[in-house]
Amino acid sequence: MTSYLLRGVSVVGAAPTDLLIRDGLISTEEGPAEVIDAAGLVALPGLVDLHTHLREPGREDAETVETGSRAAALGGYTAVFAMANTSPVADTAGVVEQVWRLGREAGLVDVQPIGAVTVGLAGKQLAELGAMATSAAGVRIFSDDGHCVADPRLMRRALEYVKAFDGIIAQHAEEPRLTEGAQMHEGEVSTRLGLTGWPAVAEEAIIARDVLLAEHVGSRLHVCHVSTAGSVEVLRQAKARGVRVTAEVTPHHLLLTDELAASYDPVYKVNPPLRTQSDVLALREALIEGVIDIVATDHAPHAVEDKECEWAYARPGMVGLETALPIVLSILGEQWDLIAERMSRAPARIAGLDGHGTDLAAGAPANLTLVDPSARRVVDPAELASRSRNTPYAGTTLPGRIVATFLRGEPTVLDGKAVK
Ligand code: DOR
Ligand code: ZN
């Protein structure tokens, strides 16, 4: 196993130093090592994404565990959590083990499957949560993402069930009766365009209900892709009361607004929808404060025919793994400790993921990424490693280039290129 010496690297923004990677660990042991000139580069603990759609099994034309893993490594990630809305749905030990095994075979990031809460994501009957938890995949997070667990009785039972092993229910908060036929955020722009709106209250009502349920049960709730200022207020109050709730925001909800729907370009169609500028500002503030704990990508690759069609028929979602860190960097600036916390340490801690999101100190597993903050990149969809091209950032210049990523001391990315 090759050893690496990162010469002159800034660890999470600190003064330049040398960082040695040996036998899969951050090390202090002297000896031969390949030298990487890391002057001007910043080392972060490998990023951890709690919300990735890898599409395998079922839609390998849009993404596979391997292509999604490569996109993740190129984005600076060392671990991703794969959502359960595959085909078949990841609602049994068999499917989650398959995804977990495919992740190990690809060997580019640690792939941790998320299990479905309900059978077939149908919202009628609890899936085999216990069997998934005790499977080789060791599932701890369950989500029907793409769908809301709308039935309050089922949501309560799910929270009760996972409490026994400190599991988490990750909710896609969308009251379905309030979003029937919805195409975009409900507001001035939807009125102008004549498109059916997805009101903020459809998200806020479910979050309010679920924090009460989580409080009642004493169990852990995670809120996926928070998108409104009102949701932030509900979360702020719940956290102040000590409810065991955590929350994520996506890079696109931190940057883009519903005005983009006026182009009728389905690349901007996403669920929850892009909101208003005041929502964007509230989300940024909440992320900085910690009311929102983490950034998660909601990387949602879609095949060309599912995206390049009329707005109403297009599937919601955008790819995000390869642009997440540059977007966050463009918003937060070089607040490296905050970025490490929101994109690596906190997600690893929430998921209970050992070996990721740890300080880059001697003896720690060498899961890390090297960023060149001074580089600029124009996003070219054709250059993405993801099998899908549905990025809203085509042609946009973004700061920060991921130069290298190491998974347990082995490079998965070197010189900005995937090693396999
Ligand atoms: O935009 C989205 N795409 N939101 C979701 O909740 C699901 C996801 C997908 O699976 O494409
Ligand atoms: Zn979702």
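Nothing here was measured: the structure is a model prediction, and the numbers come from that model. Counting starts at 1 for both ligands and their atoms, following the listed order.
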May I ask whether [X] has any heavy atom positioned less than 4.0 angstrom from an atom of ligand 1?
X	answer
R55	yes
H302	yes
R315	no

Lys/Arg N to Asp/Glu carboxylate O, [X] vs [Y], below 4.0 Å:
X	Y	answer
R157	E160	yes
E105	R101	yes
D166	R220	yes

Considering only heavy atoms of [X], which atoms of ligand 1 have at least one such atom less than 4.0 Å away?
X	result
H172	6 (O)
V270	1 (O)
H225	6 (O)

Minimum-distance protein heavy atom relative to [atom]:
atom	answer
atom 10 (O) of ligand 1	N85 ND2, 2.8 Å
atom 8 (C) of ligand 1	H53 NE2, 3.6 Å
atom 5 (C) of ligand 1	N271 O, 3.6 Å

> Who's closest to atom 7 (C) of ligand 1 heavy-atom-wise, of A62, G146, A300?
Replying inline: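 Among A62, G146, A300, the closest heavy atom to atom 7 (C) of ligand 1 belongs to G146.
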> Does some side-chain heavy atom of V223 sit less than 4.5 Å from a side-chain heavy atom of L221?
Replying inline: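 Yes, their side chains come closer than 4.5 Å.
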> With a 4.5 Å limit on heavy-atom distance, are the side chains of R275 and W198 in contact?
Replying inline: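 Touching, per the 4.5 Å side-chain cut-off.
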Testing the 3.5 Å rule here: is there a donor-acceptor pair between the side chains of [X] and [Y]?
X	Y	value
T64	E60	no
S278	T276	yes
H299	D49	no

> How wide is the angle at the Zn ion (ligand 2) between OD1 of D145 and NE2 of H225, to the nearest 10°?
Replying inline: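 Vertex the Zn ion (ligand 2), arms to OD1 of D145 and NE2 of H225: 110°.
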>> Enumerate the ring pair (Phe, Tyr, Trp, His ring centres under 6.0 Å) contacts for residues 213-270, please, sequence neighbours excluded, ordered by first and then second residue.
In response: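 As it turns out, the ring pair (Phe, Tyr, Trp, His ring centres under 6.0 Å) pairs with a partner in residues 213-270, which skip direct neighbours, are H51-H225, H172-H225.
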> So which bit of M83 gets within less than 4.0 Å of ligand 1, heavy atoms only: side chain, backbone, both or neither?
Replying inline: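 For M83, there is no contact with ligand 1 at all, from either part.
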>> Report the atom name of the nearest N/O/S atom of H172 relative to the Zn ion (ligand 2).
In response: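 Looking at H172, the N, O or S atom with the least distance to the Zn ion (ligand 2) is ND1.
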> Is there any N or O on P316 that sits under 3.5 Å from an N or O of ligand 1?
Replying inline: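 There is such a contact, yes.
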